[in-house]
Amino acid sequence: MDKTINQDIIYIGCDDKDITQFEGQYVLEDGMCYNSYVILDEKIAIMDTVDKAKKQEWLQNLDKALNGKKPDYIVVQHVEPDHSSVLGEFVSKYPETKIVTSAAAQKMLPLYFPDLKAEFVTVKEGDKFSLGNNTLQFFAAPMVHWPEVIVTYAIEKKVLFSADGFGKFGVYDSEPDDWSCEARRYYFNICGKYGAQVQNLLKKAATLDIQIICPLHGPILRGEMLSNAIRLYDIWSKYEVETQGVFIAYCTMHSNTGKAAEYLKDVLVKGGKKVAIANLCEEDWAEALEDAFRHDTLVLASPTYDGGLFPKMVDFIHHLKIKNFQKRKVAFIENGSWAPQAARIMKESFKDFKDIEIVETQATIKGAFKEADKQTIETLAKEIL
(Lines give C-alpha, C1' and ligand atoms only; values in the text may rest on other atoms or scores of the structure.)
Protein backbone atom coordinates (compact mmCIF):
# COMPACT_ATOMS: atom_id res chain seq x y z
CA MET A 1 0.00 0.00 0.00
CA ASP A 2 1.05 3.57 -0.68
CA LYS A 3 2.91 5.16 2.26
CA THR A 4 3.12 8.62 0.67
CA ILE A 5 1.37 11.26 2.74
CA ASN A 6 2.48 14.61 1.28
CA GLN A 7 5.70 16.49 0.58
CA ASP A 8 6.04 17.58 4.23
CA ILE A 9 5.07 14.36 6.02
CA ILE A 10 7.18 11.23 5.49
CA TYR A 11 6.41 7.73 6.74
CA ILE A 12 9.31 6.10 8.64
CA GLY A 13 7.50 3.20 10.31
CA CYS A 14 8.49 -0.47 10.30
CA ASP A 15 6.87 -3.86 9.74
CA ASP A 16 7.62 -6.68 12.15
CA LYS A 17 6.85 -9.90 10.28
CA ASP A 18 8.42 -12.12 12.96
CA ILE A 19 6.15 -11.27 15.89
CA THR A 20 3.42 -13.87 16.47
CA GLN A 21 1.60 -12.34 19.46
CA PHE A 22 0.77 -8.73 20.25
CA GLU A 23 0.95 -7.77 23.93
CA GLY A 24 1.73 -11.43 24.61
CA GLN A 25 -1.86 -12.55 23.96
CA TYR A 26 -3.28 -11.56 20.56
CA VAL A 27 -2.45 -13.94 17.71
CA LEU A 28 -0.76 -12.28 14.74
CA GLU A 29 -0.81 -14.28 11.53
CA ASP A 30 0.74 -11.48 9.47
CA GLY A 31 2.93 -9.66 12.00
CA MET A 32 2.49 -6.06 13.15
CA CYS A 33 3.48 -2.62 11.94
CA TYR A 34 4.69 0.26 14.08
CA ASN A 35 4.07 3.60 12.43
CA SER A 36 6.11 6.75 12.83
CA TYR A 37 6.30 9.96 10.82
CA VAL A 38 8.57 12.93 10.15
CA ILE A 39 7.17 16.41 9.48
CA LEU A 40 9.76 18.37 7.48
CA ASP A 41 9.38 22.13 7.89
CA GLU A 42 11.33 25.12 9.21
CA LYS A 43 11.16 23.17 12.45
CA ILE A 44 11.25 19.37 12.13
CA ALA A 45 8.99 17.16 14.24
CA ILE A 46 9.08 13.39 14.67
CA MET A 47 5.78 11.67 15.46
CA ASP A 48 6.51 8.81 17.93
CA THR A 49 9.10 6.03 17.64
CA VAL A 50 8.60 2.25 17.28
CA ASP A 51 8.98 -1.02 19.15
CA LYS A 52 12.51 -1.94 20.26
CA ALA A 53 12.48 -4.96 17.92
CA LYS A 54 12.70 -2.55 14.96
CA LYS A 55 15.08 -0.02 16.52
CA GLN A 56 17.86 -0.20 13.93
CA GLU A 57 15.49 -0.14 10.97
CA TRP A 58 13.66 2.86 12.38
CA LEU A 59 16.86 4.79 13.04
CA GLN A 60 17.94 4.12 9.45
CA ASN A 61 14.55 5.28 8.14
CA LEU A 62 14.85 8.41 10.26
CA ASP A 63 18.35 9.21 9.01
CA LYS A 64 17.23 8.82 5.42
CA ALA A 65 14.24 11.10 5.91
CA LEU A 66 16.26 13.76 7.75
CA ASN A 67 18.99 13.72 5.08
CA GLY A 68 21.53 15.36 7.38
CA LYS A 69 19.12 17.70 9.16
CA LYS A 70 18.43 17.65 12.89
CA PRO A 71 14.97 17.33 14.41
CA ASP A 72 13.63 20.05 16.69
CA TYR A 73 10.81 18.12 18.34
CA ILE A 74 9.67 14.58 18.96
CA VAL A 75 5.98 14.20 19.77
CA VAL A 76 5.22 11.34 22.17
CA GLN A 77 1.51 10.71 21.74
CA HIS A 78 1.52 7.38 23.59
CA VAL A 79 4.09 6.04 26.07
CA GLU A 80 3.36 2.33 25.53
CA PRO A 81 6.67 0.64 24.62
CA ASP A 82 5.65 -0.40 21.11
CA HIS A 83 5.63 3.33 20.29
CA SER A 84 8.24 4.84 22.59
CA SER A 85 10.94 2.26 23.28
CA VAL A 86 13.50 3.89 20.94
CA LEU A 87 13.08 7.27 22.65
CA GLY A 88 16.22 6.81 24.77
CA GLU A 89 18.45 6.13 21.74
CA PHE A 90 16.81 9.01 19.88
CA VAL A 91 17.47 11.51 22.67
CA SER A 92 21.07 10.30 22.99
CA LYS A 93 21.59 10.88 19.27
CA TYR A 94 19.70 14.20 19.18
CA PRO A 95 20.05 15.67 22.70
CA GLU A 96 18.81 19.12 21.70
CA THR A 97 15.45 17.80 20.51
CA LYS A 98 12.51 18.79 22.72
CA ILE A 99 9.96 16.19 23.74
CA VAL A 100 6.38 17.33 23.12
CA THR A 101 3.84 15.41 25.17
CA SER A 102 1.04 15.60 27.73
CA ALA A 103 1.63 16.24 31.42
CA ALA A 104 0.47 12.69 32.18
CA ALA A 105 2.96 11.25 29.70
CA GLN A 106 5.76 13.38 31.12
CA LYS A 107 5.13 11.79 34.52
CA MET A 108 4.90 8.30 33.01
CA LEU A 109 8.04 8.35 30.86
CA PRO A 110 10.47 7.93 33.82
CA LEU A 111 8.84 4.57 34.51
CA TYR A 112 10.37 3.35 31.26
CA PHE A 113 13.32 5.76 30.94
CA PRO A 114 14.59 6.55 34.46
CA ASP A 115 17.73 8.23 33.11
CA LEU A 116 16.04 10.26 30.37
CA LYS A 117 17.34 13.82 30.24
CA ALA A 118 15.57 16.13 27.81
CA GLU A 119 13.70 19.41 27.60
CA PHE A 120 9.94 18.96 27.58
CA VAL A 121 7.18 20.96 25.93
CA THR A 122 3.99 20.06 27.79
CA VAL A 123 0.80 20.44 25.77
CA LYS A 124 -2.83 20.34 26.80
CA GLU A 125 -6.21 20.25 25.10
CA GLY A 126 -6.38 22.58 22.09
CA ASP A 127 -2.80 23.87 22.31
CA LYS A 128 -1.17 24.83 18.99
CA PHE A 129 2.32 25.52 17.85
CA SER A 130 3.81 26.25 14.47
CA LEU A 131 6.60 24.41 12.70
CA GLY A 132 6.58 27.01 9.91
CA ASN A 133 4.14 26.02 7.20
CA ASN A 134 2.50 23.42 9.44
CA THR A 135 0.58 24.14 12.63
CA LEU A 136 0.08 21.28 15.07
CA GLN A 137 -2.92 21.21 17.39
CA PHE A 138 -3.15 18.73 20.26
CA PHE A 139 -6.18 16.99 21.73
CA ALA A 140 -6.36 14.83 24.84
CA ALA A 141 -7.51 11.26 24.27
CA PRO A 142 -7.36 9.73 27.77
CA MET A 143 -8.03 5.99 27.95
CA VAL A 144 -7.81 5.48 24.20
CA HIS A 145 -6.39 3.31 25.49
CA TRP A 146 -3.93 4.65 28.14
CA PRO A 147 -4.54 7.76 30.29
CA GLU A 148 -1.71 9.89 28.88
CA VAL A 149 -2.65 9.69 25.19
CA ILE A 150 -2.85 12.72 22.94
CA VAL A 151 -3.65 12.95 19.24
CA THR A 152 -2.24 15.58 16.90
CA TYR A 153 -3.94 17.47 14.07
CA ALA A 154 -1.79 19.05 11.35
CA ILE A 155 -4.14 21.92 10.48
CA GLU A 156 -2.92 23.02 7.06
CA LYS A 157 -2.48 19.47 5.75
CA LYS A 158 -5.73 18.23 7.34
CA VAL A 159 -3.96 15.19 8.79
CA LEU A 160 -4.88 13.57 12.10
CA PHE A 161 -2.15 11.57 13.85
CA SER A 162 -4.51 9.32 15.81
CA ALA A 163 -2.18 7.39 18.17
CA ASP A 164 -3.63 3.89 18.73
CA GLY A 165 -7.03 4.95 17.44
CA PHE A 166 -7.97 3.54 14.01
CA GLY A 167 -5.23 0.93 14.24
CA LYS A 168 -5.32 -2.70 13.18
CA PHE A 169 -3.37 -5.92 13.56
CA GLY A 170 -1.04 -6.91 10.71
CA VAL A 171 1.81 -5.36 8.77
CA TYR A 172 1.40 -2.11 6.88
CA ASP A 173 1.21 -3.78 3.47
CA SER A 174 -1.76 -6.02 4.33
CA GLU A 175 -4.49 -6.04 1.73
CA PRO A 176 -6.68 -2.95 2.21
CA ASP A 177 -9.86 -5.03 1.90
CA ASP A 178 -9.15 -6.69 5.25
CA TRP A 179 -9.00 -3.41 7.21
CA SER A 180 -12.36 -3.76 8.94
CA CYS A 181 -11.81 -7.40 9.96
CA GLU A 182 -8.47 -6.91 11.72
CA ALA A 183 -9.34 -3.37 12.81
CA ARG A 184 -12.46 -4.76 14.50
CA ARG A 185 -10.49 -7.47 16.33
CA TYR A 186 -7.92 -4.82 17.30
CA TYR A 187 -10.56 -2.33 18.48
CA PHE A 188 -12.61 -4.61 20.71
CA ASN A 189 -9.58 -6.25 22.29
CA ILE A 190 -7.47 -3.11 22.73
CA CYS A 191 -10.02 -0.29 23.11
CA GLY A 192 -13.31 -2.14 23.61
CA LYS A 193 -13.60 -1.32 27.29
CA TYR A 194 -13.37 2.40 26.61
CA GLY A 195 -16.31 3.11 24.32
CA ALA A 196 -17.28 6.33 26.12
CA GLN A 197 -13.74 7.69 25.80
CA VAL A 198 -13.61 6.78 22.11
CA GLN A 199 -16.92 8.61 21.63
CA ASN A 200 -15.40 11.70 23.24
CA LEU A 201 -12.51 11.57 20.80
CA LEU A 202 -14.85 11.10 17.82
CA LYS A 203 -16.79 14.21 18.86
CA LYS A 204 -13.57 16.21 18.85
CA ALA A 205 -12.57 14.75 15.48
CA ALA A 206 -15.95 15.72 14.04
CA THR A 207 -15.07 19.41 14.53
CA LEU A 208 -11.96 19.05 12.33
CA ASP A 209 -11.60 18.85 8.55
CA ILE A 210 -9.76 15.52 8.46
CA GLN A 211 -8.67 14.26 5.04
CA ILE A 212 -6.03 11.76 6.19
CA ILE A 213 -5.66 9.68 9.37
CA CYS A 214 -2.17 8.47 10.29
CA PRO A 215 -2.51 5.82 13.04
CA LEU A 216 0.29 4.15 14.97
CA HIS A 217 -0.74 0.72 13.63
CA GLY A 218 -2.14 -0.18 10.23
CA PRO A 219 -2.47 1.71 6.96
CA ILE A 220 -2.88 5.43 6.42
CA LEU A 221 -6.59 6.11 5.95
CA ARG A 222 -8.01 8.43 3.34
CA GLY A 223 -11.07 8.67 1.11
CA GLU A 224 -13.61 5.86 1.40
CA MET A 225 -11.44 3.88 3.85
CA LEU A 226 -11.35 6.88 6.19
CA SER A 227 -15.11 7.45 6.01
CA ASN A 228 -15.80 3.76 6.66
CA ALA A 229 -13.36 3.69 9.59
CA ILE A 230 -15.09 6.63 11.28
CA ARG A 231 -18.51 5.05 10.65
CA LEU A 232 -17.44 1.75 12.20
CA TYR A 233 -15.73 3.41 15.17
CA ASP A 234 -18.97 5.23 15.92
CA ILE A 235 -20.90 1.92 15.89
CA TRP A 236 -18.29 0.03 17.89
CA SER A 237 -17.78 2.68 20.56
CA LYS A 238 -21.54 2.94 21.15
CA TYR A 239 -21.68 -0.86 21.51
CA GLU A 240 -24.27 -0.91 18.76
CA VAL A 241 -24.91 -3.88 16.47
CA GLU A 242 -22.88 -3.93 13.27
CA THR A 243 -24.38 -7.12 11.80
CA GLN A 244 -27.85 -8.50 12.48
CA GLY A 245 -27.17 -12.15 13.21
CA VAL A 246 -26.15 -14.78 15.74
CA PHE A 247 -22.72 -15.74 16.98
CA ILE A 248 -22.43 -19.20 18.57
CA ALA A 249 -19.37 -19.77 20.78
CA TYR A 250 -18.99 -23.28 22.12
CA CYS A 251 -16.66 -25.54 24.07
CA THR A 252 -16.74 -29.28 23.55
CA MET A 253 -14.86 -32.15 25.18
CA HIS A 254 -16.02 -35.16 23.16
CA SER A 255 -17.75 -33.36 20.25
CA ASN A 256 -21.28 -33.69 21.67
CA THR A 257 -21.78 -30.06 22.77
CA GLY A 258 -20.21 -29.06 19.46
CA LYS A 259 -22.76 -31.13 17.54
CA ALA A 260 -25.58 -29.38 19.39
CA ALA A 261 -24.08 -25.98 18.53
CA GLU A 262 -23.67 -26.93 14.88
CA TYR A 263 -27.25 -28.18 14.72
CA LEU A 264 -28.47 -24.86 16.13
CA LYS A 265 -26.47 -23.07 13.44
CA ASP A 266 -28.13 -25.15 10.72
CA VAL A 267 -31.63 -24.52 12.07
CA LEU A 268 -31.00 -20.77 12.35
CA VAL A 269 -29.56 -20.54 8.84
CA LYS A 270 -32.60 -22.35 7.45
CA GLY A 271 -34.71 -19.79 9.31
CA GLY A 272 -32.96 -16.98 7.47
CA LYS A 273 -30.48 -15.89 10.14
CA LYS A 274 -26.89 -14.91 9.46
CA VAL A 275 -24.77 -17.12 11.76
CA ALA A 276 -21.10 -17.27 12.74
CA ILE A 277 -19.73 -20.05 14.94
CA ALA A 278 -16.47 -20.75 16.79
CA ASN A 279 -15.04 -23.60 18.84
CA LEU A 280 -13.37 -21.85 21.78
CA CYS A 281 -11.20 -24.91 22.39
CA GLU A 282 -9.49 -24.50 19.02
CA GLU A 283 -10.02 -21.01 17.64
CA ASP A 284 -8.63 -17.60 18.57
CA TRP A 285 -10.59 -16.30 21.56
CA ALA A 286 -9.85 -12.70 20.56
CA GLU A 287 -11.50 -13.26 17.19
CA ALA A 288 -14.44 -14.87 18.95
CA LEU A 289 -14.75 -11.79 21.15
CA GLU A 290 -14.81 -9.64 18.00
CA ASP A 291 -17.67 -11.74 16.60
CA ALA A 292 -19.60 -11.50 19.85
CA PHE A 293 -19.53 -7.70 19.65
CA ARG A 294 -20.33 -7.70 15.93
CA HIS A 295 -23.65 -9.61 16.12
CA ASP A 296 -26.88 -8.84 17.97
CA THR A 297 -27.29 -12.30 19.55
CA LEU A 298 -24.74 -14.47 21.35
CA VAL A 299 -25.25 -18.17 22.07
CA LEU A 300 -22.87 -19.84 24.52
CA ALA A 301 -22.69 -23.64 24.60
CA SER A 302 -20.64 -25.43 27.24
CA PRO A 303 -20.35 -28.76 29.03
CA THR A 304 -20.49 -28.90 32.81
CA TYR A 305 -16.98 -29.53 34.16
CA ASP A 306 -15.99 -30.50 37.72
CA GLY A 307 -19.42 -29.40 38.86
CA GLY A 308 -18.86 -25.98 37.30
CA LEU A 309 -18.24 -24.38 33.95
CA PHE A 310 -15.72 -25.53 31.36
CA PRO A 311 -12.52 -23.42 31.86
CA LYS A 312 -12.36 -22.14 28.26
CA MET A 313 -15.89 -20.76 28.63
CA VAL A 314 -15.06 -19.20 32.00
CA ASP A 315 -12.16 -17.42 30.32
CA PHE A 316 -14.25 -16.24 27.38
CA ILE A 317 -17.00 -14.80 29.58
CA HIS A 318 -14.30 -13.08 31.66
CA HIS A 319 -12.96 -11.38 28.53
CA LEU A 320 -16.45 -10.32 27.48
CA LYS A 321 -16.93 -8.68 30.87
CA ILE A 322 -13.64 -6.82 31.01
CA LYS A 323 -14.22 -5.50 27.47
CA ASN A 324 -17.63 -4.10 28.49
CA PHE A 325 -19.85 -6.43 26.43
CA GLN A 326 -23.41 -5.03 26.41
CA LYS A 327 -26.62 -4.32 24.45
CA ARG A 328 -26.96 -7.92 23.24
CA LYS A 329 -29.27 -10.92 23.51
CA VAL A 330 -27.66 -14.00 25.08
CA ALA A 331 -28.80 -17.65 25.03
CA PHE A 332 -27.33 -20.82 26.52
CA ILE A 333 -26.82 -24.50 25.68
CA GLU A 334 -25.49 -26.81 28.39
CA ASN A 335 -24.36 -30.41 28.55
CA GLY A 336 -23.94 -32.63 31.59
CA SER A 337 -24.08 -36.40 31.84
CA TRP A 338 -25.45 -36.50 35.41
CA ALA A 339 -25.79 -32.98 36.83
CA PRO A 340 -25.92 -30.22 34.17
CA GLN A 341 -24.88 -26.87 35.73
CA ALA A 342 -23.36 -24.91 32.86
CA ALA A 343 -26.42 -22.89 31.81
CA ARG A 344 -27.16 -21.77 35.38
CA ILE A 345 -23.54 -20.70 35.92
CA MET A 346 -23.32 -18.92 32.57
CA LYS A 347 -26.58 -17.08 33.27
CA GLU A 348 -25.34 -15.99 36.70
CA SER A 349 -22.10 -14.79 35.11
CA PHE A 350 -24.06 -12.21 33.12
CA LYS A 351 -25.96 -10.69 36.04
CA ASP A 352 -23.49 -7.78 36.33
CA PHE A 353 -23.34 -7.06 32.58
CA LYS A 354 -25.14 -3.97 31.27
CA ASP A 355 -28.14 -4.12 28.92
CA ILE A 356 -28.13 -7.88 28.38
CA GLU A 357 -31.37 -9.68 27.44
CA ILE A 358 -31.28 -13.33 28.49
CA VAL A 359 -33.22 -15.70 26.22
CA GLU A 360 -35.71 -17.49 28.46
CA THR A 361 -35.39 -20.87 26.77
CA GLN A 362 -32.20 -22.80 27.45
CA ALA A 363 -31.19 -26.11 25.88
CA THR A 364 -29.94 -28.98 28.03
CA ILE A 365 -28.14 -31.98 26.49
CA LYS A 366 -27.19 -35.02 28.54
CA GLY A 367 -24.22 -36.90 27.15
CA ALA A 368 -24.26 -37.61 23.42
CA PHE A 369 -26.26 -35.38 21.08
CA LYS A 370 -29.19 -37.62 20.21
CA GLU A 371 -32.15 -37.43 17.85
CA ALA A 372 -34.40 -36.54 20.78
CA ASP A 373 -32.22 -33.49 21.55
CA LYS A 374 -32.97 -31.89 18.21
CA GLN A 375 -36.40 -30.73 19.41
CA THR A 376 -34.73 -28.99 22.37
CA ILE A 377 -32.40 -27.11 20.02
CA GLU A 378 -35.25 -26.28 17.64
CA THR A 379 -37.25 -24.79 20.50
CA LEU A 380 -34.30 -22.54 21.38
CA ALA A 381 -33.88 -21.61 17.73
CA LYS A 382 -37.54 -20.67 17.47
CA GLU A 383 -37.22 -18.18 20.32
CA ILE A 384 -34.05 -16.68 18.81
CA LEU A 385 -35.74 -16.39 15.42
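Heavy-atom basis, side chains included; hydrogens, waters and symmetry copies ignored.
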Only counting residues at least two apart or in another chain, list the ones meeting side chain to side chain contact (heavy atoms under 4.5 Å, CB included) with [X].
X      : result
Ser349 : Ile317, Ile345
Ala163 : Gln77, Val149, Val151, Leu216
Cys33  : Asp15, Asn35, Tyr172
Asp355 : Gln326, Lys327

With ILVMFWY side chains joined below 4.5 Å, transitively, what does Ile277's cluster contain besides itself?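 ILVMFWY cluster around Ile277 also holds Val246, Ile248, Tyr250, Tyr263, Leu264, Val267, Leu268, Val269, Val275, Val299, Ile333, Val359, Ile365, Phe369, Ile377, Leu380, Ile384, Leu385.
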Should side-chain heavy atoms under 4.5 Å link Ile, Leu, Val, Met, Phe, Trp and Tyr, which residues sit in the same cluster as Met143?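 Same cluster as Met143: Tyr194.
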If you look at every heavy atom in Glu89 and Ser85, which pair is closest and at what distance? OE1-O, 3.7 Å
Output yes when a side-chain donor or acceptor of [X] lies under 3.5 Å from a complementary backbone atom of [Y], and no otherwise.
X      : Y      : value
Asp41  : Ile44  : no
Thr207 : Lys204 : yes
Thr97  : Tyr94  : yes

Looking at residues at least two apart in the chain, or sitting in another chain, which of them share a ring pair (Phe, Tyr, Trp, His ring centres under 6.0 Å) with [X]?
X      : result
Phe161 : Tyr37
Phe129 : Tyr73, Phe138
His145 : His78
Phe139 : none

List the residues meeting salt bridge (charged side-chain N to carboxylate O under 4.0 Å, His left out) with Asp8, not counting sequence neighbours, and say none if there are none.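 Counting only residues at least two positions away or on another chain, Asp8 forms a salt bridge (charged side-chain N to carboxylate O under 4.0 Å, His left out) with Lys157.
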Is it true that [X] and [Y] make a salt bridge, defined as a side-chain N closer than 4.0 Å to a carboxylate O?
X      : Y      : value
Glu262 : Lys259 : no
Arg328 : Asp296 : no
Lys374 : Asp266 : no
Asp234 : Lys238 : yes
Arg184 : Glu242 : yes
Asp291 : Arg294 : no

May I ask you to test the [X]-[Y] pair for a side-chain heavy-atom distance under 4.5 Å?
X      : Y      : answer
Val50  : Lys55  : no
Phe316 : Phe310 : no
Lys158 : Ile212 : no
Glu357 : Val330 : no
Glu57  : Leu59  : no

What's the spacing between Leu309 CG and Glu334 CD if we round to 0.5 Å?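 That separation rounds to 10.0 Å.
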Can you tell me how far the CG atom of Leu131 sits from the NZ atom of Lys43, to the nearest 0.5 Å? 9.5 Å
Give me the ring orientation class for Phe293 and Tyr239: parallel if the planes are under 30° apart, tilted from 30 to 60°, perpendicular past 60°. tilted
Of all residues at least two apart in sequence or in a different chain, which pass the side-chain hydrogen bond (donor to acceptor under 3.5 Å, both in side chains) check with Tyr305?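 Here no residue qualifies.
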Check for me whether the distance between the ring centres of Trp236 and Tyr187 falls short of 6.0 Å. yes
